[in-house]
Amino acid sequence: MDKKSERKNDTVYIEQWLYRKPQLTPNQDGNIVLISKGCFGPLEVYEWGIDADRQAYERYEWLENEFYQYDNYCIKIEWKRLRQQIQNVIVLFRNNGFPDWAEQYETILDHLNQEMKLM
């Protein structure tokens with residue numbers, strides 16, 4: 001498989017949103033990005049995951065111009081809220097014909113639920 005095909009399989013459009021597959025290895029900030037969706041009109045990004053301190057987080061970034069740049073945020077959220085977001089994307093992917101994406105998120109949700117039992 002060439003690099004273009006590989007990258008194409010890592011993203012999917014549903015309506016105006018471009019979803020990226022989960023990044024299960026920590027990024028440069030130490031965050032594990034579970035859900036990432038971006039829109040190109042307006043240019044904005046939402047992200048949910050686990051931060052370097054092992055806390056659930058939600059991030060929003062406005063990228064189109066300076067008008068709403070002060071609305072950007074990154075906040076810690078309850079694990080329940082993160083699990084709900086994952087359940088929402090499972091339904092979204094199933095309803096839009098992406099069962100492999102839904103299955104990947106179901107596996108992530110199972111791991112999170114197991115991890116929560118150990119905490």
Side-chain angles (χ1 to χ4, degrees):
M1 180 182 306
D2 65 28
K3 290 280 187 198
K4 258 188 188 174
S5 300
E6 193 174 311
R7 270 185 259 140
K8 186 177 180 182
N9 292 334
D10 287 344
T11 61
V12 67
Y13 274 98
I14 299 177
E15 297 176 0
Q16 76 269 25
W17 295 100
L18 173 71
Y19 289 85
R20 295 189 182 280
K21 280 205 172 173
Q23 300 300 312
L24 303 178
T25 55
N27 64 17
Q28 65 205 25
D29 297 323
N31 297 340
I32 297 171
V33 181
L34 298 178
I35 303 170
S36 177
K37 70 178 189 176
C39 182
F40 295 101
L43 190 55
E44 58 187 331
V45 175
Y46 283 92
E47 184 177 285
W48 291 268
I50 302 168
D51 68 16
D53 297 324
R54 304 290 298 156
Q55 298 292 314
Y57 76 89
E58 176 180 324
R59 183 179 75 85
Y60 171 76
E61 190 171 0
W62 173 269
L63 301 166
E64 184 149 316
N65 50 36
E66 310 90 49
F67 293 131
Y68 298 104
Q69 70 183 2
Y70 299 110
D71 291 344
N72 296 350
Y73 63 84
C74 186
I75 59 172
K76 293 186 186 309
I77 59 174
E78 293 182 14
W79 286 98
K80 179 180 178 181
R81 188 165 161 190
L82 176 60
R83 288 194 308 267
Q84 183 61 53
Q85 286 297 332
I86 294 170
Q87 290 170 338
N88 291 346
V89 294
I90 290 169
V91 170
L92 179 76
F93 291 131
R94 286 230 180 267
N95 289 345
N96 285 280
F98 298 100
D100 54 328
W101 283 62
E103 290 168 11
Q104 184 171 13
Y105 279 102
E106 286 169 344
T107 300
I108 290 169
L109 188 58
D110 288 343
H111 286 292
L112 278 179
N113 287 335
Q114 290 300 319
E115 204 171 298
M116 293 309 298
K117 288 179 185 176
L118 299 174
M119 294 178 120

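Minimum interatomic distance between A102 and I90 (heavy atoms only, all atoms of both residues): CB-O, 3.7 Å. The two residues Y105 and L34 make their nearest non-hydrogen contact at OH-O, 2.6 Å. Residues G49 and L82 approach most closely at O-CD2, 3.8 Å, considering heavy atoms.
Shown here is R20, whose CZ atom has no more than 12 heavy atoms of other residues, nucleotides or ligands within 6.0 Å. Counted within 6.0 Å of CD on Q23, heavy atoms from surrounding residues, nucleotides or ligands total 12 or fewer; the atom is thus considered open.
A distance-only check finds no donor-acceptor pair linking the side chain of Y60 to the backbone of E44 [under 3.5 Å].
We find the CD-CD distance between Q55 and E78 to be 11.0 Å, quoted to the nearest 0.5 Å. One finds the CG atom of N96 at 15.0 Å from the OH atom of Y13 (value rounded to the nearest 0.5 Å). The line from CZ of R59 to CG of N72 is 8.5 Å long, rounded to the nearest 0.5 Å. Atom CG in N31 sits 11.5 Å away from atom OG1 in T25 (nearest 0.5 Å).
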Test I14 against W17 for side-chain contact (heavy atoms from CB on, under 4.5 Å), laying out the working first. CA-CA 5 Å; I14 299 177; W17 295 100; 5.6 Å; no

Could you walk me through whether N88 and Q84 pass the side chain to side chain donor-acceptor pair (under 3.5 Å) test, one step at a time? CA-CA 6 Å; N88 291 346; Q84 183 61 53; 2.9 Å; yes

Which is it for R94 and E106 under the salt bridge (Lys or Arg N to Asp or Glu O under 4.0 Å) test, yes or no, and what are the steps along the way? CA-CA 11 Å; R94 286 230 180 267; E106 286 169 344; 3.1 Å; yes

Show the numbers, then the answer: is there a side-chain contact (heavy atoms from CB on, under 4.5 Å) between L112 and I50? CA-CA 10 Å; L112 278 179; I50 302 168; 3.8 Å; yes

Test log, rule side-chain contact (heavy atoms from CB on, under 4.5 Å), inputs I35 and E47: CA-CA 5 Å; I35 303 170; E47 184 177 285; over 6 Å; no

Take Q87 and L109 through the test side-chain contact (heavy atoms from CB on, under 4.5 Å) and record every step on the way to the result. CA-CA 8 Å; Q87 290 170 338; L109 188 58; 3.6 Å; yes

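Considering only heavy atoms from C-beta on, Y46 stays 4.5 Å or farther from S36 through its side chain. Inter-residue side-chain proximity for P22 and I108 is flagged as met; some heavy-atom pair is nearer than 4.5 Å.
Every residue two or more places apart in sequence or in another chain that forms a side chain to side chain contact (heavy atoms under 4.5 Å, CB included) with N95 is listed here: V91. Y19 meets the ring-ring contact (aromatic ring centres under 6.0 Å, His included) test with F93; sequence neighbours excluded.
Taking a cutoff of 4.0 Å between a charged side-chain nitrogen and a carboxylate oxygen, D51 and K76 qualify as a salt bridge.
The one candidate from V89, I77, V33 that meets the side chain to side chain contact (heavy atoms under 4.5 Å, CB included) condition with W48 is I77.
No chain of hydrophobic side-chain contacts below 4.5 Å, direct or via other Ile, Leu, Val, Met, Phe, Trp or Tyr residues, connects Y73 to Y57.
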